[in-house]
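Worksheet: one structure, shown below.
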Amino acid sequence: MRPRSSRRLLLPLLIAGGLGACAGKRSGTPDDEPTLRSLAGREISVQQDAGIAGSEEQAIAAYRKFLEVAPGAPQRAEAMRRLGDLEMESADKRSVEATASSGPDYRAAIASYQGYLKAYPKDPGNDRVLYQLARAQEQGGELEVALKTLDRLVQDYPQTAYRDEAHFRRGELLFTVRDYAKAEQAYGTVLAGDEEGPYQGRALYMQGWSRFKQGRLEEALSPFFGVLDLTLGDLEGDDDLDSLADLSRADRELVEDTFRVASLCLQNLQGAESIPAYITSDVRRGYEFRVYQQLGELYIKQERTKDAADTFGAFARRQPLHAQAPVLQARVIEIYQQAGFANLALEAKKEYVARYGASSEFRRANPQGWERAQPLVKTHLAELARHYHASAQKSRSTADYQEAVRWYRSWLESFPTDPDAAANNFLLAELLYEDARHAEAVTEYEKTAYQYPPHARSADAGYAALLGHAQLEKKAAAAERPALQRAAVASALQFAKAFDGDPRVGPVLSNAAEKLYALGDAEPAAAVAQQVLDLKPPAAAEQRRVAWTVLAHTAFEQGAFDRAERGYGEVIALTPEKAPGRGELVERQAASIYKQGEQARAAGQSREAVDHFARVATVAPQSTVRATAQYDAAAALIGLKDWDGAARALEDFRQRFPTHPLQPEVGGKLAVVYVEQGRWAQAAGEYERLAVTAKSPATARAAQWQAAELHEKAAEKGGTRAAAAKAYETYLKQHPEPLEPAMEARYRLARIAKADGNATRELALMQENLQADQRGGTARTDRTRYLGATAALALAEPSLDAYRKVALVEPLAKQLKLKKTRMEEVLKAYGVAANYGVADVTTAATFHTAALYQDFGKALMASQRPKKLSKAELEQYNVLLEEQAFPFEEKSVELHEVNARRAAAGLYDPWVQRSFAALRELQPVRYGKVERSEGVIDAIR
C-alpha cells in the first residue's frame, strides 16, 4: 500500500487577472462642451457596462505579445511571472477538466518560470517562483527535477512562507522515489515547524508511512496515532466513521487510511496485545475501541477468524464498561456464526448477556450504552434459550433442560414488559413441562395466560396449565391430591372466565365440576355444571352429559329428588343406548323417583307416594329398585286400605320378581289383604307358604296356625273342612310343642271330625288331648286344662252311649247290673271332667251327672216287669222300684241344685240354665213358678 497522491493536499491556487485596455477617440464641437446652464437642464442616460470579454488564452497571448514588443519595459518581470502563473492555471484547469487529449501540459509554465529565474536570479520573490516551478515540474511528471527545485527553494530561502509545504512536497517526492529515510526527515521538518500548520496531519501520516516502509512498525505507530489524535480527538460519538458529521470527507479518508496502515502494523507485531502501549491519553482512550475494531476488521478480510474475534473480545475485556464494548463483543458472536463456529458463538453469547444483562455492572456504569446493547442481549438470551431447549428435546438431558430454563428465566427477568415476553414465558413453561417439572410449568403457564396482555398463546397457556395440574394430581400421594385438585379447579375457572369464547371451555368446566363433586363441594360443583349448560354456543353433548350428571348427583344428595330425576333423565338422553354406565344412570333415575315416593310417604301423602312408586316401573322398568318400589307401593296401598290395588301389586310382584329378597314378606302382606277382602282360603294359602319359608320356627308355627284358622273360616263360608283339617294336622306334625296350641289343634280337628260325623276320629283326638294335658306337667295352662276337661267331657259320651244302650229288660238283674256298671263308667268319666275345675265343663259334667241319675231312676221305673207277677206282686214290685228309683232322682235334684247355686257366683252358663230347667221339671212346686234366677238361687241356698 502506498499513500495517496499529494495532489489531495491543500494546494494554493494563483488567481490570474486579465490585462486589458480600452482607448477611444473623442469627437464633437465646443458647443458640445457642457456649461453650467447646459448641464442644469441636460438629461443623462446611463447604460449598463457590458464588461470586457476575455479569457486565459487571450491573457496569455496578450502577455506574450507584450514581452515580445516591450523587451525593456519596467513591467517585464511582472509580466513574465504573470504569464507563468496563467499558463500554470490553464494547465491545472485542463487537468481538472481533462479536456486535452494528451492531458495537461505544464511545459509552457515551466519555461516561463525558468525564464524568469534566469532573467531575475536575485529577485526576492523567487521563492514563490521556485515553488510554482517545482509544482509545475511535479505536475508535469518531472519528479526528480521538481525535487531538486524544492531542495533549492528550502536551501536558498529557509524562511520562505512555503517552507512547510515545500518540505511536505519534498517528503512526498522522496517517498515516491522510495527514499523513505529522507522522506521521513522531510516530514519531520514539517512537523517541527508550525504546529497549527495545514500539513501537520498529513506530515504525521506520511511520516508513519515512511517508517512503515522502512519496517520500523512500532515507530510508525506513533505518528499514525498522532494523526488519529488530530482527527478524532475533538470528535464525540461512537458511530461508524462514515456517519461522523464533524469529519470532512478528506479527513475521513485520512482516518480510514491511517487505521488501515496502523492495523497492518499491529497485525505484524503482536496484534491486539500491542495496542495498550499506545493508548496513553484520554484522547486515545476516546477512540481506542476503533483501533481494536479496525484491526479486527483487517483480520476478517484476511480470513483470520479467531484473531478477529480475539481482537474484538480483547477490547471488551479491557474496557468492559465502555459504551462500545457490547458492539465489539457482538462482532465476536457475528464472526463465529459466519465462520460456522457454533460452540464458540454460543460461549460468546453467554459472555455477552453476562456482561450486558439486566443485572450487569455495565448497566449501572453506562445506562445509555446498556440501552443500546439490550436488543442484542434480548436476541442472544432467546437464542441461548432456544438452543438449549432444542438440545434438551434431543438429548432429554436434565442438564440441558436446566440450562434452557436458566436462559428463559434470564430473558424474562431482563425484558418482563417486552412484546415477546409472553411468547418466551410460554416456551419456558413448555420446557418445564417437557422436563416433568409440572409444578413450575403450571406456574409459568398461568403467568403466561393471565399476567400478560392478551396474546396469541394466552388460551393455549391457560389450557396447558390445566394439563400440568392433571400431571401433578396423577403423581401425587392420596393425601396431597385434594389440595392439588382444588388448585386445578381454580385454574379451570380462571381459564373459563378469561377465554369464554374458547371451544375448550366446555371440557374444562365439565372437568372442574366433576372434580368439585368428587371433593365433596356439592354446591360449587353444581354452579360450575350450570355454567356448562349455559354456554353459548352450547357445549358438546359429552360436556353437557357430565354437567347434568353432576347436577343430578348433587340434587340427589341434597334430597331434591325431583331435580335429580330430571337431571338423570337429561344424562340418559345424552348417553348412547349401549354406552358403559348407562344402566347405572337408569338406576339413579329410578332411585330418584323412589326417593320422592319415600318423601311423600314420610309426609303422610300416601297416595302421592303410591304414584311415585308406580312411576318407577314406567320410567325405569328394568331398574333394580323397581321391585322395591312396587312392594312399597303395595304397602302404601295397604295403608290406604286399597285392598284391591294392594292385591294386584303384590300378586304382580310375586310373579315378576320370584327371587327378590322381599318375596318372603309378600305372603304376609297378601294374607292381610286377602283377609281384608274376605278371601279366606287364599289368605290361608299365603300363611301356609309363609310357614314353609319362614326361617323362624315361631313365625312358621304362627303362620301355619293362622292358615288353619283361615281354612276353617273359609269352610264356614261354604268351603271344605278338609283344607282346615289338613292345615291343623300339618301344624300338629310340625309343631307338637308347645302343649297348648297342639292341644288346641287337636280340639279343632275333633270339632271338624265331629262336624264330618267321624266320631271315632273325634274321640281319638279328645283322648290324645286328655292324655297330653295330663302329661303336660309345668307346660299346662288354663287353656290346656280347659281343653283337657273338654276332652274328658267328650270322652264320657261313648260311655254314656253304652249306658243308654243297656235296656232294663229281662233278665232284669243281669241288665240292671250291666246298666249300673255302665253308669259307673259314665259317672267316672264325668268325674274326671268335673275334677278339672273348669267352670263350664264342671257345670256340664254336673248337669250330665244329674241327668244320668235322673235317667237311671227313670230307667228303673220303666224297666221290664217280670211276666208272672200277680197284680199285688206287681204293685209291690212297683213300690220297690219307686223306692229304688227315688234316691237317684234325689241325687239328680241335688246335683242340679249344685249347678244352680253356681249362678250365685256369677256362673250362669247354658248348663246352669239347663239345670234350672231340670229342677223345674223335677220339683215344679218349688221351682216351677219362679221366673227369676235370683229367686231360684235364694231358694236353693
Side-chain angles (χ1 to χ4, degrees), residues 267 270-273 275-276 288-289 291-366 369-415 418 420 424 427-428 431 434-435:
Q267 67 102 14
Q270 297 180 24
E273 294 181 12
I275 296 175
E288 178 183 8
F289 78 93
V291 180
Y292 286 88
Q293 183 184 54
Q294 294 299 317
L295 176 58
E297 295 298 335
L298 175 63
Y299 283 137
I300 291 174
K301 291 178 181 178
Q302 295 174 342
E303 298 183 355
R304 294 169 62 178
T305 302
K306 184 66 169 59
D307 290 336
D310 289 345
T311 299
F312 289 126
F315 176 77
R317 288 188 293 274
R318 174 175 166 80
Q319 296 287 353
L321 304 182
H322 194 280
Q324 286 297 307
V327 178
L328 271 63
Q329 183 65 25
R331 286 289 286 137
V332 174
I333 298 169
E334 182 182 350
I335 290 166
Y336 285 143
Q337 286 179 328
Q338 290 176 349
F341 298 156
N343 290 335
L344 291 175
L346 192 69
E347 294 303 316
K349 290 175 184 178
K350 291 181 183 179
E351 189 175 358
Y352 189 93
V353 298
R355 289 180 180 175
Y356 314 118
S359 59
S360 65
E361 183 183 356
F362 186 82
R363 180 178 186 178
R364 294 184 292 274
N366 198 331
W370 180 84
E371 287 288 347
R372 288 195 297 271
Q374 291 320 287
L376 276 179
V377 170
K378 181 171 69 173
T379 297
H380 295 326
L381 281 173
E383 289 171 349
L384 287 166
R386 284 164 175 74
H387 169 80
Y388 283 104
H389 195 156
S391 297
Q393 288 177 325
K394 184 176 180 180
S395 68
R396 298 297 176 184
S397 164
T398 298
D400 285 342
Y401 276 117
Q402 291 176 340
E403 189 72 2
V405 167
R406 181 168 76 89
W407 293 118
Y408 274 125
R409 290 197 187 282
S410 181
W411 193 103
L412 292 167
E413 290 169 2
S414 301
F415 308 99
D418 190 87
D420 292 332
N424 279 302
L427 290 173
L428 170 60
L431 180 71
E434 292 168 14
D435 196 28

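Below, each value reflects all heavy atoms present in this structure, side chains not excepted, and no hydrogens, waters or symmetry copies. One-based numbering along the sequence shown.
Of the candidates Asp420, Val353, Leu427, Asp420 is the only one forming a side-chain contact (heavy atoms from CB on, under 4.5 Å) with Trp411. Among His380, Glu383, His387, the single residue meeting the side-chain hydrogen bond (donor to acceptor under 3.5 Å, both in side chains) criterion with Lys349 is Glu383. Each of Phe362, Tyr356, Trp370, Phe315 was checked for a ring-ring contact (aromatic ring centres under 6.0 Å, His included) with His322, and the lone residue meeting it is Phe315.
Between Tyr388 and Gln393, the closest side-chain pair of non-hydrogen atoms is not below 4.5 Å. The side-chain heavy atoms of Gln294 and Leu298, taken from C-beta on, include no pair separated by under 4.5 Å. With a 4.5 Å cut-off on side-chain heavy atoms, Phe312 and Gln293 count as touching. Within the 4.5 Å cutoff, the side chain of Asn366 has no heavy atoms near those of the Leu321 side chain. Side-chain contact between Arg355 and Arg317 is present, with at least one heavy-atom pair separated by less than 4.5 Å.
Note that CG of Leu344 is 11.5 Å distant from CD of Gln337, once rounded to the nearest 0.5 Å. A distance of 12.5 Å separates CZ of Arg304 from CD1 of Ile335, quoted to the nearest 0.5 Å. Put simply, CZ on Arg386 and CG on Leu431 are 11.5 Å apart, with the number rounded to the nearest 0.5 Å. A distance of 11.0 Å separates CG of Asp307 from CD1 of Ile300, quoted to the nearest 0.5 Å. Taken from CD in Glu273 to CG in Asp310, the straight-line distance is 9.5 Å, to the nearest 0.5 Å. The CD atom of Gln324 sits 14.0 Å away from the OH atom of Tyr292 when rounded to the nearest 0.5 Å.
Minimum heavy-atom separation, Ala404 to Ala385: CB-O, 3.8 Å. Of all the heavy atoms in Ala272 and Leu295, the pair that sits closest is N-CD2, 3.5 Å. Scanning all heavy atoms of the two residues, the minimum distance from Gly313 to Gln329 falls at CA-OE1, 4.1 Å. Nearest heavy-atom pair across Ser395 and Asp400 is OG-OD2, 2.8 Å. Across every non-hydrogen atom of Leu381 and Trp407, the tightest pair is CD2-CE3, 3.5 Å. Nearest heavy-atom pair, Leu376 versus Ala330, reported as atom, atom and distance to 0.1 Å: CD1-CB, 3.2 Å.
The residues Glu361 and Arg364 are annotated as not salt-bridged, no charged nitrogen and carboxylate oxygen being separated by less than 4.0 angstrom.
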